[in-house]
> 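Submitted below is the structure of interest, expressed as structure tokens.
Below, chain A is the first sequence line, B the second, and so on; all start at residue 1.
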Amino acid sequence: MTIQIFNTLTRKKEPFVPIEEGKVKMYVCGPTVYNYIHIGNARPVIVYDTVRNYLEYKGYDVHFVSNFTDVDDKIIKAANEIGEEVGELTERFIAAYFADIEALGCRHADDHPRVTDHIRDIIDFIGVLIDKGYAYESGGDVYYRTRKFDGYGKLSQQSIDELKVGARIQPGEKKEDALDFALWKAAKPGEISWESPWGAGRPGWHIECSVMAREVLGDTIDIHAGGQDLTFPHHENEIAQSEAHNDKTFANYWMHNGYVNIDNEKMSKSLGNFITVHDIRQKIDPQVLRYFMLTVHYRNPINFSSEVIADAENALERLRTAYRNLMFRLEQTADNGDQADIWLHKVREAQKAFEDAMDDDFNTANAVAALFDLARLSNTYLNEKNTQKDVLQAFLGAFGKLAGVLGISLETADELPGEEVDALIAEREEARKNRDFKRADEIRDHLLSQGIILEDTRQGVRWKRG
RNA sequence: GGCGGCAUAGCCAAGCGGUAAGGCCAGGGACUGCAACUCCCUUACCACCGGUUCGAGUCCGGUUGCCGCCUCCA
């Protein structure tokens with residue numbers, strides 16, 4: 001089935017048709033690296049990593065690009081405050097970013113272009129916009145002439161005059177119109193800067209994405225994504241820049257994820273109500289955070305709280321237990337049965353349900369539900385006296401593959417119990433055989449106090465870390 | 001002021017015209033020496049008021065309450 005994507009441009013779900021068959025060009029706006037990312041920033045990273053995984057699952061060759069904004073006002077400010085070079089600061093937080101997203105099970109993009117590596121391209125791009133009359137120099141700055149671009153407002157669905165009401169005009173403004181935005185900013189004394197035809201300066205915020213997307217992916221890309229707050233003005237401005245420059249559609253599909261809220265309010269750096277991924281992953285399993293993010297449809301807001309994380313922990317554990325129990329059974333040299341076809345069929349049905357959910361605008365909430373269907377099925381199967389190896393492997397394969405699309409690993413890194421533990425388990429088995437339950441329970445309680453939970457099954461003693 | 005989103009069980013959350021997925025928690029039962037794991041069962045007049053329809057959480061209008069964008073922001 002074709003994937004349906006909700007396109008912000010049309011406010012509708014549309015069948016996904018890539019520019020080039022079998023290939024997807026995808027650009028996701030990345031972080032401004034002056035701090036650790038917070039869990040609100042982590043949402044798009046997780047969501048679009050999952051989108052990318054699913055596109056690949058469907059057989060697409062995905063060229064996934066995500067940029068780093070490594071020069072801007074906030075970075076300069078942060079660097080000044082702690083007395084660090086801009087380059088050192090950004091290098092540090094880029095490394096931190098990778099560490100954080102890896103913990104969250106996200107892969108690196110195929111390309112991570114940086115603004116400071118594309119200054120030349122940006123200057124050239126701005127030059128073309130000036131030549132075409134879409135931009136003008138003013139006192140060392142260069143601004144985009146918003147009213148010149150016909151489609152301005154088409155992404156945020158606002159007319160240019162409505163936008164103007166809300167626009168603020170800064171004192172000493174050098175713009176022709178309040179809605180114009182900076183493509184190039186003249187350097188203030190002592191600031192990091194590059195030479196340009198308009199004097200020393202640095203790029204404005206929006207221009208980088210237009211330029212780097214084009215440099216890496218070309219004039220028109222398939223999917224452009226980011227947080228809802230980027231719709232306006234960032235993405236609106238990108239469209240204005242790119243389409244004025246390229247004379248082509250910039251992106252065919254625009255995806256925007258909802259916010260992460262805390263106490264029902266948007267988490268944001270300016271409000272100061274944020275939790276960094278760097279901190280939270282010391283306290284909770286980052287896989288739980290990822291799972292939690294995917295239990296809500298990406299366009300809806302998601303409210304973060306300790307309660308909801310506790311729920312997610314338990315839920316993920318159920319999935320992991322199902323997986324672990326399958327592995328355990330497989331190790332017990334599975335017997336033969338004759339019901340394989342029925343079960344194999346059920347596995348396929350669950351997989352189909354997962355795909356249907358993901359095809360429908362990446363409905364991960366329903367995809368997760370399909371995983372739980374699979375868990376119930378496999379648990380039921382494990383209650384059978386005889387199991388077959390190929391069925392167990394089918395369950396494990398489906399679990400691994402589908403959870404993998406969601407970026408969730410069901411494997412738990414339980415180290416082998418030491419010899420001492422083995423001996424105790426053996427002793428307990430002996431005691432149980434002799435109906436010495438007092439001693440057996442003593443051993444079980446002792447192991448429990450060490451965080452080892454025993455589970456007696458028909459196939460033998462199974463254990464796990466509590 | 002302009003634009004937009006959301007209100008579904010104790011909690012989280014799908015569903016977007018045909019008589020309410022899934023998860024967590026709770027209660028009951030089965031399994032077990034007892035547990036654990038697991039399985040089965042139980043828990044929703046879908047914010048409110050009108051309307052369209054044979055039929056509406058699901059479409060239309062209105063009300064109330066939250067939230068967001070219009071300014072740096074994922």
Side-chain angles (χ1 to χ4, degrees), chain A residues 8 11 13 28-32 37-48 72-74 77 153 156-159 161-168 170 179 205 225-234 236 256-261 264-271 274 291-292 295-297 299-303 305 307-319 321-322 324-325 328 353 357 360 363-373 375-376 378-384 431-432 435-438 440-441 444-445 448 453-458 461-464 466:
Chain A
T8 306
R11 304 282 160 97
K13 283 183 197 171
V28 179
C29 287
T32 300
I37 58 166
H38 64 240
I39 54 183
N41 299 315
R43 167 116 99 146
V45 182
I46 291 170
V47 164
Y48 302 118
D72 96 317
D73 290 338
K74 294 189 295 287
K77 185 162 172 268
S156 48
Q157 317 243 292
Q158 300 217 66
S159 80
D161 294 310
E162 282 160 351
L163 283 166
K164 182 147 189 180
V165 177
R168 294 177 188 185
Q170 300 295 106
L179 280 175
W205 174 40
Q228 229 159 49
D229 42 3
L230 296 185
T231 310
F232 189 90
H234 187 56
E236 196 73 70
H256 292 96
N257 59 278
Y259 302 124
V260 173
N261 292 160
N264 247 9
E265 259 193 343
K266 178 185 173 183
M267 179 181 294
S268 79
K269 285 178 180 168
S270 45
L271 286 174
F274 62 90
Y291 168 84
F292 163 66
T295 56
V296 179
H297 184 85
R299 280 188 281 115
N300 293 152
I302 185 169
N303 203 256
S305 69
E307 291 76 23
V308 104
I309 287 295
D311 285 359
E313 261 165 10
N314 291 335
L316 218 210
E317 188 53 31
R318 174 172 160 77
L319 255 21
T321 300
R324 189 194 300 117
N325 292 352
F328 176 80
D360 182 16
N363 193 328
T364 53
N366 281 337
V368 166
L371 242 36
F372 280 100
D373 288 343
R376 166 163 301 111
S378 73
N379 283 330
T380 300
Y381 183 64
L382 289 179
N383 281 151
E384 303 244 317
R432 288 181 70 210
R435 305 192 66 77
D436 179 1
F437 298 124
K438 186 163 174 290
D441 290 351
R444 187 169 64 195
D445 290 345
L448 183 63
I453 297 167
L454 297 186
E455 291 167 6
D456 299 329
T457 77
R458 220 161 5 201
V461 183
R462 192 164 64 200
W463 65 275
K464 65 174 179 181

> Determine the Euclidean distance between corresponding C1' atoms of B:rG29 and B:rG18; express it in Å to zero decimal places.
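Straight-line distance between the two C1' atoms is 35 Å.
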> Could you tell me whether the phosphate oxygens of B:rA74, OP1 or OP2, come under 4.0 Å of any side-chain nitrogen or oxygen in A:R299?
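Result: no.
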> Determine whether the side chains of A:S305 and A:E307 contain a donor N or O and an acceptor N or O closer than 3.5 Å.
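Distance-only check passes for A:S305 and A:E307.
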> The test is side-chain contact (heavy atoms from CB on, under 4.5 Å); show your working for A:T295 and A:T364 and say whether it passes.
CA-CA 6 Å; A:T295 56; A:T364 53; over 6 Å; no
> If you go through the side-chain atoms of A:R458, does one of them form a donor-acceptor pair with the base of B:rC37 closer than 3.5 Å?
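No such pair is found, so the answer is no.
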> For A:R435 and A:L271, find the nucleotide of RNA chain B closest to each by heavy atoms; which residue's nucleotide sits nearer the 5' end?
A:R435
> Is A:N303 touching bases, backbone alone, or none of the nucleic acid, heavy atoms closer than 4.0 Å?
nothing
> Nearest-nucleotide wise, let me know which of A:R462 and A:H234 is further upstream toward the 5' end of RNA chain B.
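The residue whose closest nucleotide sits nearer the 5' end is A:R462.
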> When the P atoms of B:rC46 and B:rC11 are compared, how many Å lie between them, rounded to an integer?
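My reading of the P atoms in B:rC11 and B:rC46 gives 15 Å.
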> Please report the distance separating the P of B:rC24 from the corresponding atom of B:rA13, rounded so that it comes out in whole Å.
15 Å
> Tell me whether the OP1 or OP2 atom of B:rG23 has a side-chain N or O from A:R376 closer than 4.0 Å.
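Answer is yes, contact under 4.0 Å.
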> Describe the nucleic acid contact of A:N264 in one word from base, sugar-phosphate, nothing, applying a heavy-atom distance below 4.0 Å.
sugar-phosphate
> Quick check on B:rG22: syn or anti? Syn means the glycosidic torsion is within 90 degrees of zero.
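For B:rG22, whose glycosidic angle is more than 90° from 0, the conformation is anti.
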> Distance criterion of 3.5 Å, no angle test: do you see the side chain of A:N300 paired donor-to-acceptor with the base of B:rG5?
no
> Over all strands shown, is A:D229 touching base, sugar-phosphate only, or nothing at heavy-atom distances under 4.0 angstrom?
base
> Would you kindly check whether a donor in the side chain of A:R11 faces an acceptor in the base of B:rG4, or vice versa, at under 3.5 angstrom?
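No, no donor-acceptor pair under 3.5 Å.
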> Describe the nucleic acid contact of A:V260 in one word from base, sugar-phosphate, nothing, applying a heavy-atom distance below 4.0 Å.
base
> Run the salt bridge (Lys or Arg N to Asp or Glu O under 4.0 Å) test against A:E317 and tell me which residues pass, sequence neighbours left out.
A:R324
> With both distances under 3.5 Å as the test, what is the Watson-Crick or G-U wobble partner of B:rG55?
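WC or wobble partner does not exist here.
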> What is the base-pairing partner of B:rC39, counting Watson-Crick and G-U wobble geometry with both distances under 3.5 Å?
B:rG29
> Does a side-chain heavy-atom distance below 4.5 Å link A:N383 with A:N379?
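Not in contact.
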> Would you say that A:K438 contacts A:D441 through its side chain, given a criterion of any heavy-atom pair below 4.5 Å between the two side chains?
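No. Closest side-chain heavy atoms not under 4.5 Å.
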> Please report the distance separating the C1' of B:rC69 from the corresponding atom of B:rG28, rounded so that it comes out in whole Å.
50 Å
> Who does B:rG1 pair with, Watson-Crick or G-U, both distances under 3.5 Å?
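Looking at the geometry, B:rG1 pairs with B:rC70.
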> To the nearest 0.5 Å, how far apart are CG in A:L230 and CG in A:N257?
8.5 Å
> Can you check whether A:R376 reaches A:T380 side chain to side chain, under 4.5 Å on heavy atoms?
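A:R376 vs A:T380: side chains touch.
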> Find the partner of B:rA7: check Watson-Crick (N1-N3 plus N6-O4 or O6-N4) and G-U wobble (N1-O2, O6-N3) distances, both under 3.5 Å, and reply none if neither fits.
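Partner of B:rA7: B:rU64.
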> Using a 4.0 Å heavy-atom cut-off across all strands, classify A:T295 as base, sugar-phosphate, or nothing.
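If one applies the 4.0 Å heavy-atom cut-off, A:T295 turns out to touch the sugar-phosphate alone, with no base involved.
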> Using only heavy-atom distances, decide whether a donor-acceptor pair under 3.5 angstrom links the side-chain of A:R444 to the base of B:rA35.
yes
> Considering only nitrogen or oxygen atoms on both sides, find all protein atoms under 3.5 Å from nucleotides 18-21 of chain B and state each distance.
residue: B:rA21; atom: N3; partner: A:N366; partner atom: OD1; Å: 3.4

> Apply side chain to side chain donor-acceptor pair (under 3.5 Å) to A:D445 and list each qualifying residue two or more places apart in sequence or on a separate chain.
none
> P atom, B:rG61 versus B:rA21: distance in rounded Å?
29 Å
